[in-house]
Amino acid sequence: MVDDGTEGRAKRLARLIRAADASYQVAEASRPGGAGGAAAWLRRVGRWLELRSFGLTPEHFALQEGARAALIVALPLALILILGEHRLSWAIFAAFWLCLSDIAGPSRLRHRLLLVFCFAGAVVAFLGAWAASLGTVPAMLAGPMLVFLSILLPIRLAHSQMLATLLAVVAVVAVGFPASAEGAMVLALAFLSGGLWASLVIARLWRIDPVLALRQDSVAMFARLSDMAFDLAATGIRPHRDRLWHPEHAAHRRSIRIAIERLRVLISRYEGDAQAEVAHFCLHLREAEACFNALIALEHAFITDIGSAEERIASAKVLRNALMAARMTVAEVPGTRALLARRLTRLARGRAAMEEPTIRGVLSAVDAALAPLARAASPAEPPLLAAPPLPSLQAGLRQALRQAVSVAIVRYVALSLGLGYPYWAIMATVVVMQSAARTTWTRSLERIFGSLLGGAAALGLLHLAAAPPILALIALPLAGLTIALRTVNYTIFVVTLTMLFILVTELLQPGAGSASARILDNLLGSFAALFCVLALWPDRGPSLPQLIAQGLKANGAYLDAVRRGESAEVIEATRRAAGLSSIAAEVALHDLGGIPRRWHRQESHHAEALRSLRLLAGEAAAVWHAARADAPAPRRPAHQA
């Protein structure tokens, strides 16, 4: 039943629902991979993994970067195989590691970090190899000391966390290649030449759009928003038997908040002259924040039966269509800006058929948020974000010392066990160990599973093809695939990385049994990293009850700020804090540390508290939009009115 009881309003709502369905079906029929396709299925899997601290971001698959990395690795590999000079193999290592160290960001920042890695890596490689040739004791001291200094780099150089980790990898691998001063110099020069070659290709010969990652993250953000609207529309048609809650509600909120924060961190890397490059993406961030808050309010209306069912379903469908068009517009699909304008016009007309203030406010907010995107509006001044602060000296020293001690322990154990490639175990420890125990635990599991799968696959390949030319032809696309997958999922990345290193090792040292050694060494290194992060200044973070209490406090502060009528800036800050605190509590509830809670049947109590967090946030969003139900519509060009 419609609230005002008029037949005209009911007919307008019915027409709006039919038109929204027809528009959606036409859009889905005209493009592959719709909301029910493979891309949406991958995002659904990603939401499930995010809850357990395992990332899956298929939109980060970088085919161009992978093809470029294959080219970069091909030249030094071909020269070494032709010349038979295996001492120059460090040129391959340097070229590949430099591709790994190339983070998303403005060109000037990326090129500066690449050059730092080239020259600092050459120095570290020389010192590590030369110190290892002086005896067991110098080797035992050199590795931890070089790792310690490398891990300290981020406290002085912004955005260098990946670079620091890879410099530590260079240090532990160099100690595994002892050489005299002359041999160490050859090794360092090979590293420098491979790194400079890779830098030349990346910076000059094969440039990739520096804002490509920003566009990918923006598209992913709007894709997750449209997924939430799609499921809201479907839930309205097929209500879940638990009207107060549905598992997808929390999943969508968490996924969108993570996507927004991922884009926020990336934008913060653009400073100085690069600020103009990110102005539009800052606007996308604000647009997504506004749409996200509107969807939370609409979801709260579904959960608590605000307004009529017809109004909720109609609004969810027109929002779904508008957000799908926004996603394609951000992806720069030709013709979709006009499509977005038409869908926003329909959304504005649908607003007039809504009686419930909260739903009118939701539609008004989305219309106002997406109107600049439909007009291709340019910001007068880039609304820039502050860069995150550098790690404190205390935190940097603690992490560097923890890494150094773990490297010494793992090296001693590996040598005592007589492992063929002890530096592989040490390298696993370096890359797995994070500052927090929870993230180290998940990274260890991903490393172990990836090593097992990659080692088994490499063994199969070596049984089928052992000729060096064939192995080289397999290694090159593997190098490209590894770089293309590096930020998609860590387990998949380790699978291809393990296969690549085993094949390259077999090329340079045939018959060395590298596959089984790689698996064993990764197991040892991953377990050692977990042990050290738990034993040396452990940072387990707040307990689950503390996280829930912090979440309740943050969401309560958000609701209070809305009721007091605080400014938009204060509301946005409290909203973000509430969302982040809720995510932290949810992930803590569902990670592997929650097994004892489930054993003692404590999970249901905590899950109920998390529902309270979400309901507080939903109520705050609903109150905020209800107060702005009759805000003036955004101005449109005459041909769009």
Side-chain angles (χ1 to χ4, degrees), residues 73 75-98 100-101 116-150 165-198 404 407-408 410-431 500-514 517-518 521 525:
V73 172
L75 180 62
L77 179 60
L79 289 176
I80 291 169
L81 291 178
I82 293 171
L83 299 175
E85 190 63 55
H86 291 173
R87 291 189 305 168
L88 303 179
S89 60
W90 272 73
I92 302 175
F93 299 159
F96 180 76
W97 284 332
L98 191 126
L100 277 181
S101 70
V116 169
F117 182 71
C118 284
F119 289 97
V123 173
V124 169
F126 171 81
L127 293 175
W130 179 51
S133 70
L134 301 179
T136 302
V137 174
M140 288 292 295
L141 294 175
M145 181 60 68
L146 291 172
V147 168
F148 179 84
L149 295 175
S150 299
T165 299
L166 289 172
L167 280 179
V169 168
V170 173
V172 299
V173 176
V175 174
F177 286 79
S180 63
E182 180 182 354
M185 183 59 69
V186 172
L187 184 150
L189 290 175
F191 182 97
L192 184 60
S193 62
L196 290 176
W197 155 246
V407 164
V410 175
R411 179 172 177 80
Y412 176 79
V413 173
L415 293 177
S416 300
L417 296 176
L419 298 182
Y421 299 91
Y423 57 86
W424 277 356
I426 306 170
M427 182 167 55
T429 301
V430 168
V431 299
L500 174 65
F501 269 76
I502 289 173
L503 294 184
V504 171
T505 303
E506 189 67 22
L507 273 171
L508 303 178
Q509 297 176 334
S514 56
R518 176 80 174 182
D521 292 339

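Since the model is a prediction, treat every value here as computed from it, not as a measurement.
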Could you check if a side-chain atom of Pro76 sits within less than 4.5 angstrom of a side-chain atom of Leu88, using non-hydrogen atoms only? no
Could you check if a side-chain atom of Val407 sits within less than 4.5 angstrom of a side-chain atom of Phe148, using non-hydrogen atoms only? no
Between Ala174 and Ala125 the two heavy atoms that sit nearest each other are CB-O, 3.6 Å
How about Phe117 and Leu100: do any of their side-chain heavy atoms sit closer than 4.5 Å? no
Could you tell me whether Met145 atom CE has more than 12 heavy atoms of other residues or ligands within 6.0 Å of it? no
Do Phe191 and Val170 have side-chain heavy atoms sitting under 4.5 Å apart? yes
For Ala188 and Ala122, the nearest pair of non-hydrogen atoms, with its separation, is CB-O, 3.4 Å
Please report the closest heavy-atom contact between Ala142 and Ala131, naming both atoms and the distance. CB-CB, 3.4 Å
Are any of the side-chain heavy atoms of Tyr412 and Ser416 separated by less than 4.5 Å? yes
With heavy-atom distances below 4.5 Å as the criterion, would you say the side chains of Ser101 and Leu98 are in contact? yes
Which heavy atom of Tyr423 sits nearest to which heavy atom of Val172, and what is that distance? CB-O, 3.5 Å
Spacing of CG belonging to Leu415 relative to OG1 belonging to Thr136, to within rounding of 0.5 Å: 7.5 Å
Just how far is it from atom CG of Leu500 to atom OG1 of Thr505, taken to the nearest 0.5 Å? 8.5 Å
Closest heavy-atom pair and its distance - Gly195, Ala94: N-CB, 3.7 Å
What's the shortest heavy-atom distance between Leu167 and Ala120, and which atoms? CD2-C, 3.9 Å
Return the CZ to CG distance between Phe93 and Leu187, rounded to the nearest 0.5 Å. 9.0 Å
Whether Trp90 and Trp97 hold their rings parallel, tilted or perpendicular, with breakpoints at 30° and 60°: perpendicular
Spatial distance of atom OG (Ser89) from atom CG (Leu77) [nearest 0.5 Å]: 10.5 Å
So do the side chains of Arg411 and Val175 get within less than 4.5 Å of each other, counting heavy atoms only? yes
